[in-house]
Every structure is written in C-alpha cells, then in structure tokens.
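Reminder, nothing fancy here: chain letters follow the sequence lines and each chain counts from 1.
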Number of protein chains: 4
Amino acid sequence: MSDPASPRQRRKDARPSELLEAAMALFVEKGFAATKSEEVAARAGVSKGTLYLYFPSKEELLKAVIRDTLLADIARGAERLAQEDGPTGQLLVELMTDWWVNVYNSPSSAIFKLVMTEVRNFPDIGEFYLREVIEPGHRLIGGLVQRGIDRGEFRAVDIDGVVHSIVLPMVMLCLHKHSMGACGFSDSHMGNPSEFIRQHLDLILNGLRAPRSDGKPVL
Amino acid sequence: MSDPASPRQRRKDARPSELLEAAMALFVEKGFAATKSEEVAARAGVSKGTLYLYFPSKEELLKAVIRDTLLADIARGAERLAQEDGPTGQLLVELMTDWWVNVYNSPSSAIFKLVMTEVRNFPDIGEFYLREVIEPGHRLIGGLVQRGIDRGEFRAVDIDGVVHSIVLPMVMLCLHKHSMGACGFSDSHMGNPSEFIRQHLDLILNGLRAPRSDGKPVL
Amino acid sequence: MSDPASPRQRRKDARPSELLEAAMALFVEKGFAATKSEEVAARAGVSKGTLYLYFPSKEELLKAVIRDTLLADIARGAERLAQEDGPTGQLLVELMTDWWVNVYNSPSSAIFKLVMTEVRNFPDIGEFYLREVIEPGHRLIGGLVQRGIDRGEFRAVDIDGVVHSIVLPMVMLCLHKHSMGACGFSDSHMGNPSEFIRQHLDLILNGLRAPRSDGKPVL
Amino acid sequence: MSDPASPRQRRKDARPSELLEAAMALFVEKGFAATKSEEVAARAGVSKGTLYLYFPSKEELLKAVIRDTLLADIARGAERLAQEDGPTGQLLVELMTDWWVNVYNSPSSAIFKLVMTEVRNFPDIGEFYLREVIEPGHRLIGGLVQRGIDRGEFRAVDIDGVVHSIVLPMVMLCLHKHSMGACGFSDSHMGNPSEFIRQHLDLILNGLRAPRSDGKPVL
DNA sequence: GATGAATGAGACTTCATTCAT
DNA sequence: AATGAATGAAGTCTCATTCAT
C-alpha cells in the first residue's frame with residue numbers, strides 16, 4: 001500500500017536519524033536539561049509533535065542518541081584489533097593517530113562530553129558507556145602496550161597507567177572541542193589536535209623505550 | 001544585636017559561602033539547568049527567599065560559584081612559581097604532584113567539570129576561566145619545561161605540546177572524579193590518582209630526557 | 001466494483017455502525033473527553049483517518065452514537081402501547097419486566113449513562129433525550145397507572161410520583177451496570193436485575209392496591 | 001514566626017477546602033477529564049501554580065474531593081442509627097426524608113454523580129465508595145426493614161430488594177439533580193424531591209404493610 | 001476510500017522569582 | 001534578615017484533525 005520509495009516513506013525512514021542528530025548537537029551544546037524538545041524538533045525540521053512520534057520522551061531520546069552514535073565507532077575500533085605485525089611503537093602511533101583523529105572528527109567526540117555531563121543524572125548511561133566503550137578501548141591499547149613489553153621494545157611499566165597517559169589527553173581534546181573549543185576559546189595547541197596527538201605519542205613512546213644497558217635513571 | 005562576633009552575625013557572614021558551597025555541589029552533580037534554586041537553599045539550610053537575599057539570580061549564583069572557588073587555587077598555583085632551584089625534572093614532579101593532588105582534592109576539581117559543562121551556555125565563564133586559570137597554569141608549567149631545555153636537561157620539544165601531555169590527563173582525572181567516578185564507575189587506575197600522577201610524570205620525564213650523544217631515534 | 005453486495009461494499013456499509021458501536025463502548029467506559037478518537041478507530045478496526053471520513057468530528061460522533069442507539073429501543077417501547085386488555089397490575093408487570101429487561105441488556109442502558117455523563121457539556125443531547133425517550137416512556141407508564149386508577153384497581157395516587165417510583169430504580173440499575181457494576185463492585189441484589197425488577201414491581205403494586213372498604217391507614 | 005491568625009495564614013488554611021470545593025463543582029459539571037486544572041484554580045481564586053502547592057496532581061485532587069466531601073455525610077448517616085423507638089414505618093419515613101433531603105441538598109449528591117462518572121477510570125474510588133458509603137447505608141436501612149418484619153409490622157420480604165426499591169429512586173434523584181436537572185431539563189416531579197420522597201416512601205410502606213388475615217394476593 | 005505521518009493548539013506540571021508577613 | 005505562599009512564564013507531552021499518498 002505504501003510504495004517503499006514514496007517521498008513520504010523516505011522522509012519517515014530518515015526521521016529518527018535526523019532527530020537523533022539534531023538532539024545530539026543540542027544536548028552537547030546546551031546540556032540535556034537546558035535543551036527544549038521543541039528546539040530539537042525545529043532543528044530537525046519537524047514540529048514538536050513529530051518528535052514524540054519517534055521517541056516516547058526526551059529522556060529516551062537522550063539514551064537513543066548515546067546508543068546510536070557510539071555503535072559505529074565502537075565497531076570501527078574493534079576492527080583495528082586485526083592489525084598486522086610490525087614494531088609496536090609504530091603500530092601504536094598509526095593506530096592511535098588514525099583511529100583517534102577519526103573519533104575526534106566524528107560525532108563520538110561529542111558523545112564523550114554528553115556522557116560526562118549527564119552520567120550523574122542518568123547512571124544507566126555511564127554503565128553502558130563503560131562496558132561498551134571505555135573497557136574495550138582500554139583493553140585494545142593495553143594489549144598493544146603489553147606486546148611491546150613482551151617483545152622487549154618497551155620498559156616494564158604499569159600497563160593501565162600507560163594506557164591512561166596515552167588516552168586521557170586525547171579524550172580531553174574531545175571534551176575541549178565541544179566545550180571551551182566550541183566557544184572559540186582555544187589555547188595554542190588545542191587548535192591542531194592531530195599534530196598534538198603525533199607529538200604526544202612521540203613523547204610517550206620515547207618514555208616507554210626500553211633503557212640501554214648502561215641506562216641512567218631519569219631523575 | 002550587631003556585635004560582629006555574635007553567633008547570629010557569624011551565621012550571617014557565613015551565609016554566602018554556605019550557599020556557594022551548596023550551589024557548587026549541586027551544579028556539579030546535576031548541572032546548572034537541572035538544579036532547582038530551592039534545592040540549593042535547602043542544602044545550605046535556608047529558605048528559598050534567603051538565597052535571593054544574597055544572589056540576585058540563579059545565573060549570578062553560578063558565576064559567583066566559579067569565581068569564588070577558583071580564586072583560592074589560582075593563588076596557590078602562583079606561589080609555586082617562587083620555587084627555588086634544582087634539577088628541573090625533580091622540580092616538575094614535586095610541583096605537579098603536590099599542587100595537582102591538592103587541586104584534585106579541592107573544590108577546584110569540581111569547577112573544572114562545571115566550566116566544561118556550562119561554557120557554551122555562559123561564555124563569560126569560559127573567558128574568565130581561560131584568562132585566570134588555564135593560561136597562568138600553562139605558563140607556569142611551560143616555563144619549567146623551557147628551563148629544562150635551556151639547561152640541557154630535556155630534549156628540544158614543542159613546549160605547548162608537552163604542557164598538554166603533562167596536564168591534560170590530570171585535568172581529565174578531575175573531570176572523571178565528578179562524572180563517571182562519582183557514579184562508582186571506575187576503571188582500574190582511576191581509583192588512585194596520586195599514584196597515577198607519579199607514574200604519568202615519570203613516563204613523560206623519561207620521554208623528555210635529553211638523548212645520549214649516540215641517541216637513536218625512538219621510532 | 002460497486003456491486004452493492006460485494007464484500008467490500010458490505011464492509012463499507014457496515015463501517016458507520018461499527019464505528020458507532022466502538023465509540024459507544026468507549027464513551028460509556030471512559031467518558032467522552034477521556035476517549036481518544038484513535039482508540040475508537042482502532043476498536044472498529046480502521047485507521048484514525050477513516051473515522052473522519054464518516055464523522056466530521058468527535059463531537060458529531062458522540063451525537064450520532066446517542067441518536068442512533070436510542071432509535072431502536074424508542075420504537076420498541078412505543079409498540080407496547082398497543083397492548084391488549086387485562087388486569088392493569090399484571091399488564092404493568094409484564095410490560096416492565098419484558099421491556100425493561102430488554103433495555104437493561106441492550107445498548108440503550110449504556111446510553112443512559114452516557115447522557116447522564118455528558119449532558120452538561122452537550123445540552124442538545126439532554127433536550128433530545130428528554131423529548132424522545134423520557135417523556136414518551138413516562139407517558140406510556142403513566143397511562144397504565146391512570147388506567148388502573150380509573151378501573152378501581154389502584155388507589156388514587158399521584159401519577160407522576162408513582163411513575164418515578166416504578167422507573168427510577170430501573171434506570172439506576174442501568175447506570176450501575178455501566179459504572180460500579182462494570183468494575184466488579186456490586187452489592188448483593190445488583191447482580192440479578194430481572195429478579196429485582198420483579199420484586200420491585202410486586203412491592204409497588206402491593207402499595208398501589210386499592211384499599212379495602214375498612215382500609216386502615218398505612219402509618 | 002507566623003502569627004496563626006495572620007491573614008496569610010488564614011488564607012493558607014482555607015486554601016485546600018476552597019480548592020476542593022471548586023474542583024468538585026467543576027468535576028461534577030464537566031467531568032474530570034474535561035476540567036482544566038487552571039479552571040479549578042481560577043474558580044478558587046488562585047493561580048495555576050497554587051493548586052499544585054496543595055495537591056500533587058489533578059488525579060490526587062479528584063481523590064481528595066471524593067474522600068473529603070463524603071466524610072461529613074457518612075458520619076451524619078451513622079448517627080441516625082442511634083434513633084429511638086417507635087413504629088418502624090414512621091421511623092423509616094422520618095429517617096429517610098430527613099437524612100435524604102439533607103444528602104440531596106448537600107455536596108454529597110454531587111459526589112454520587114462524580115463517582116458514577118469516574119469509577120471506570122479510577123477504580124480505587126469505587127472501592128472506597130462501596131465500603132464507606134454504599135454498604136453502611138444499605139445496612140442501616142436494611143436493619144430497619146428487618147426490624148419491621150420482626151415486629152410483624154411488615155410482610156416477610158427480601159430485605160436487600162426492598163432496600164433498593166427504597167433507595168435507588170433517591171440516588172437517582174441526586175444524579176438527576178447534577179445532570180439533566182442542572183441543565184434545566186426536568187420532567188414534572190423531579191423538581192420537588194422532598195415531596196417525591198414522601199410519596200415514594202408512602203407507596204413503598206403501603207406495599208410493605210403486613211397483609212390482613214384475609215389478605216388477597218396483589219396480583 | 002483508506003491510511004497514518006504530520007501538525008500545533010492546548011493540557012498538565014514545574015520552578016525561578018517576588019513579596020507580604 | 002528570613003520565610004514560604006503565591007505567581008505565571010515556560011517546558012513536556014497529548015491528541016483532534018488534516019492531507020499527501
């Protein structure tokens with residue numbers, strides 16, 4: 001009865017993702033509580049009522065935003081695991097710059113901020129995020145660091161700590177992008193994240209490098 | 001009745017800071033928009049009306065929270081500048097662990113989250129924060145790194161980038177503390193920040209160390 | 001395609017009454033204001049839009065429900081007037097139990113409740129109902145009572161009052177059926193209306209019986 | 001701190017009952033769903049917001065209306081039980097005319113309609129009403145009928161049936177008052193309820209009267 | 001004819017702010 | 001100074017009605 005390609009149908013199929021996109025932009029910009037559902041609808045080019053045809057409440061819309069946006073990048077991250085061999089440091093640099101610059105430029109970076117902002121009001125979100133994003137990502141990178149140590153490429157260090165040293169600045173860059181950065185407040189380097197990521201990894205890897213036999217202590 | 005030391009007077013003098021404290025806790029926890037002014041009053045043990053005796057609006061309360069809370073830690077940070085001599089690496093480690101652990105445990109860490117969360121709705125905040133907190137802090141650390149390079153203790157690196165590599169994880173720890181961390185979601189190391197800070201600085205300093213004469217490149 | 005007996009045609013002809021039936025059930029159950037037009041459509045097995053093909057608005061639907069449902073029972077009641085002769089009491093009992101038990105079990109009983117519920121919002125309904133239902137019914141029964149008096153079978157009583165004494169409990173039974181009764185709240189006798197009607201008429205007729213010559217007053 | 005007789009305090013104490021009264025009038029007139037909370041507030045002379053200071057939701061307001069309004073009349077009915085002796089018929093007439101005319105003229109009569117109208121949407125209401133109003137009332141009257149039978153004043157009849165024959169027309173009068181009656185549609189007797197009640201009881205009592213020894217059957 | 005996506009007026013409810021006490 | 005009752009603008013959500021398909 002409804003030609004699947006009718007303009008009506010096409011609109012309908014696109015609606016949810018149009019609404020999700022609009023909602024994400026606004027939730028990230030203004031916060032969940034400060035965003036009016038009518039604004040979301042307006043940004044998606046529909047009326048108030050239409051929003052509620054697709055999502056039963058503003059809160060469900062928030063959860064859908066988070067779930068849907070992450071799924072893509074979660075999947076992408078996992079693929080990288082199937083990386084071929086080579087010096088671990090190089091692999092790490094490639095993986096991180098490539099993957100992370102993607103994340104930074106993708107909607108996922110906005111989700112980082114959103115999760116940070118809203119966890120305390122919606123703890124489910126945090127639970128989901130930890131399980132689906134943080135832990136897999138941590139394991140992925142931690143595995144590489146471990147490999148470097150096993151192969152004698154890296155010093156024996158605390159894996160979890162190194163993973164944080166590597167990752168937290170990158171996460172922070174994402175948060176910055178959607179907070180201070182989005183207001184045009186940007187201290188120097190914040191403006192060129194991929195350059196910073198390269199430098200940062202260079203510094204970290206230098207720090208990880210296995211000491212020479214005669215190695216003097218750092219401090 | 002107006003003896004400045006009468007309990008009543010003391011109460012009255014304490015009001016603003018009690019209200020600020022209550023407001024900060026709630027703004028950080030739930031966000032500005034989701035916090036009701038009555039809640040703030042209740043948490044400070046006064047009535048709704050009293051809040052408006054001290055602050056003309058909820059928005060002014062927010063700004064006061066941010067201004068007032070930061071002033072203390074800004075001052076403290078500045079003092080460290082008057083640090084005496086010694087190997088730069090050691091100085092850096094001492095300065096950062098000491099100062100930062102303090103920040104992490106002080107209300108300032110909460111303000112980081114609050115600023116991040118609310119800049120886009122209240123850009124003045126961001127402007128103030130950048131000028132009073134970020135830039136001075138950045139200069140402080142950047143100065144130390146520069147000194148290390150000048151003295152031949154560190155490699156010649158991009159100063160701003162290193163400052164970010166050093167600082168961003170620490171900032172991120174603060175944000176975590178008041179978002180995921182406050183919900184009990186904590187991956188491994190997040191639980192012991194001062195230990196992480198020590199490890200992190202160790203790694204960075206190792207990476208900064210001036211290469212030996214025969215220095216092979218890291219990658 | 002327009003064969004009047006084609007299944008499609010039959011469907012179409014039945015639509016209005018299917019919709020009316022669905023509407024009545026829901027209006028009686030939940031009240032007019034609390035019933036959604038989509039529910040009516042769904043219960044009739046059609047879509048929202050179709051409802052508006054047959055009735056221009058929810059309010060017109062209500063009026064149609066009331067008009068249409070009553071016409072049948074109004075007609076039936078009138079037929080009884082053409083009753084043959086016999087003792088008036090017996091006639092009254094037969095007429096009332098037969099007719100009323102029918103009414104009680106027919107959709108008309110639901111309409112009683114609906115009219116009661118909605119008159120004040122839609123006074124036309126009340127006017128129609130009074131003219132077409134209440135007054136004819138009252139005259140029908142009043143005529144019988146009058147006949148009984150004329151023939152010396154009944155005491156000389158106030159006709160209108162007796163009609164009410166006879167009829168109101170029966171009306172009340174109808175209302176009960178669609179309010180408390182429909183919720184499973186039922187005091188004793190409410191459960192068996194035809195038995196009650198018999199007893200009630202017996203009591204009333206006993207009260208109407210012309211007194212003996214030596215008649216002592218009741219009180 | 002607040003003088004208990006201050007105008008402010010006095011208003012505050014009166015608010016709930018003013019709101020309840022306004023709500024009852026409107027709920028009875030238009031039905032619960034069709035009454036806007038703002039109308040209730042306006043009729044009570046306050047603003048929308050104030051209503052919600054005293055009742056957490058429109059639904060709770062409805063329940064409060066029913067509970068509160070009935071309590072008075074429930075209590076009054078119970079007192080009558082402590083009636084002194086005398087011929088049962090006379091007692092019944094006095095009790096019913098007195099009590100019922102009061103009920104008819106009190107807000108309770110409105111509640112009858114409200115309960116009837118809303119039970120199916122709010123079953124708790126029906127449960128409460130059955131337990132607190134219908135059953136006690138039924139027992140009260142049933143007890144009197146039983147006494148009449150025991151003393152040989154009345155025929156041996158089905159008690160519950162008689163109670164209904166007595167009471168249902170009176171209840172119906174109440175419903176009428178707030179439905180058709182309130183619209184000015186009134187068939188003859190409906191206009192003078194206390195006169196009708198007298199006549200009705202007279203008829204019923206005549207029907208209840210114990211038959212003479214030579215008693216011929218009614219039919 | 002039939003559908004159901006879309007609309008937007010309007011309902012319920014909240015909450016920042018005021019002000020009489 | 002302190003209170004908390006009152007307000008009403010504003011937000012979330014619903015639903016009668018329309019109209020493109």
*Asks:* Under 4.0 Å between any heavy atoms, over every strand shown, what does Y54(D) touch: base, sugar-phosphate, or nothing? Just pick one.
*Replies:* sugar-phosphate
*Asks:* Taking only heavy atoms on the protein side, list every residue of residues 28-48 of chain A lying under 4.0 Å from any atom of DNA chain E, sorted numerically.
*Replies:* V46(A), S47(A), K48(A)
*Asks:* Can you tell me the distance, in whole Å, between the CD atom of E60(C) and the P atom of dT17(F)?
*Replies:*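 After rounding, the gap between these two atoms is 10 Å.
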*Asks:* For Y129(B), enumerate each residue passing the side-chain hydrogen bond (donor to acceptor under 3.5 Å, both in side chains) test, keeping only those at least two apart in sequence or located in another chain.
*Replies:* none
*Asks:* Return each pair, listed once, that meets salt bridge (charged side-chain N to carboxylate O under 4.0 Å, His left out) where at least one residue sits in residues 51-62 of chain A; pairs must be two or more places apart or across chains.
*Replies:*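 Listed once each, the pairs are E59(A)-K63(A).
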*Asks:* Can you give me every donor-acceptor pair (side chain of residues 17-24 of chain A, partner residue at least two apart or in another chain, under 3.5 Å) with its distance?
*Replies:*
| from | atom 1 | to | atom 2 | distance (Å) |
| --- | --- | --- | --- | --- |
| S17(A) | OG | A14(A) | O | 3.0 |

*Asks:* What's the NZ-C1' distance between K12(A) and dT3(E), to the nearest Å?
*Replies:* 12 Å
*Asks:* Hey, is the side chain of Y52(D) poking within less than 4.0 Å of OP1 or OP2 on dT14(E), counting only N and O atoms?
*Replies:*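 No, no such contact exists.
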*Asks:* Taking only side-chain nitrogens and oxygens of T50(A), does any of them come within less than 4.0 Å of OP1 or OP2 of dA5(E)?
*Replies:*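 For T50(A), the contact criterion (side-chain N or O under 4.0 Å from OP1 or OP2 of dA5(E)) is not met.
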*Asks:* Please, which pairs that meet salt bridge (charged side-chain N to carboxylate O under 4.0 Å, His left out) have at least one residue in residues 23-33 of chain C, sequence neighbours excluded?
*Replies:*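 Matches after skipping sequence neighbours: K30(C)-E39(C).
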*Asks:* For DNA chain E, which consecutive runs of 3 or more Watson-Crick or G-U pairs (each distance under 3.5 Å) count as stems?
*Replies:* E:2-21 with F:2-21
*Asks:* Can you name the residues that form a salt bridge (Lys or Arg N to Asp or Glu O under 4.0 Å) with E127(A), not counting sequence neighbours?
*Replies:* R131(A)
*Asks:* For DNA chain F, whose closest nucleotide is more 5', that of G49(A) or that of L53(B)?
*Replies:* L53(B)
*Asks:* Could you say whether S57(D) or S57(B) is positioned toward the 5' end of DNA chain E, judged by the nucleotide with the nearest heavy atom to each?
*Replies:* S57(D)
*Asks:* Grab the CG-C1' distance between L19(B) and dA2(F) for me, whole Å please.
*Replies:*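 In whole Å, dA2(F) C1' and L19(B) CG are 12 Å from each other.
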*Asks:* Hey, could you give me each pair passing side-chain hydrogen bond (donor to acceptor under 3.5 Å, both in side chains) that has a residue in residues 42-51 of chain C? Not counting sequence neighbours.
*Replies:* S47(C)-T50(C)
*Asks:* Any idea which of dA6(E), dT3(F), dA16(F) is nearest the K58(C) side chain?
*Replies:* dA16(F)
*Asks:* Quick one: list whatever passes side-chain hydrogen bond (donor to acceptor under 3.5 Å, both in side chains) with Y52(D), sequence neighbours left out.
*Replies:*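 For Y52(D) the side-chain hydrogen bond (donor to acceptor under 3.5 Å, both in side chains) partners, ignoring immediate neighbours, are S37(D).
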*Asks:* Any side-chain heavy-atom pair from L114(D) and T69(D) closer than 4.5 angstrom?
*Replies:* no
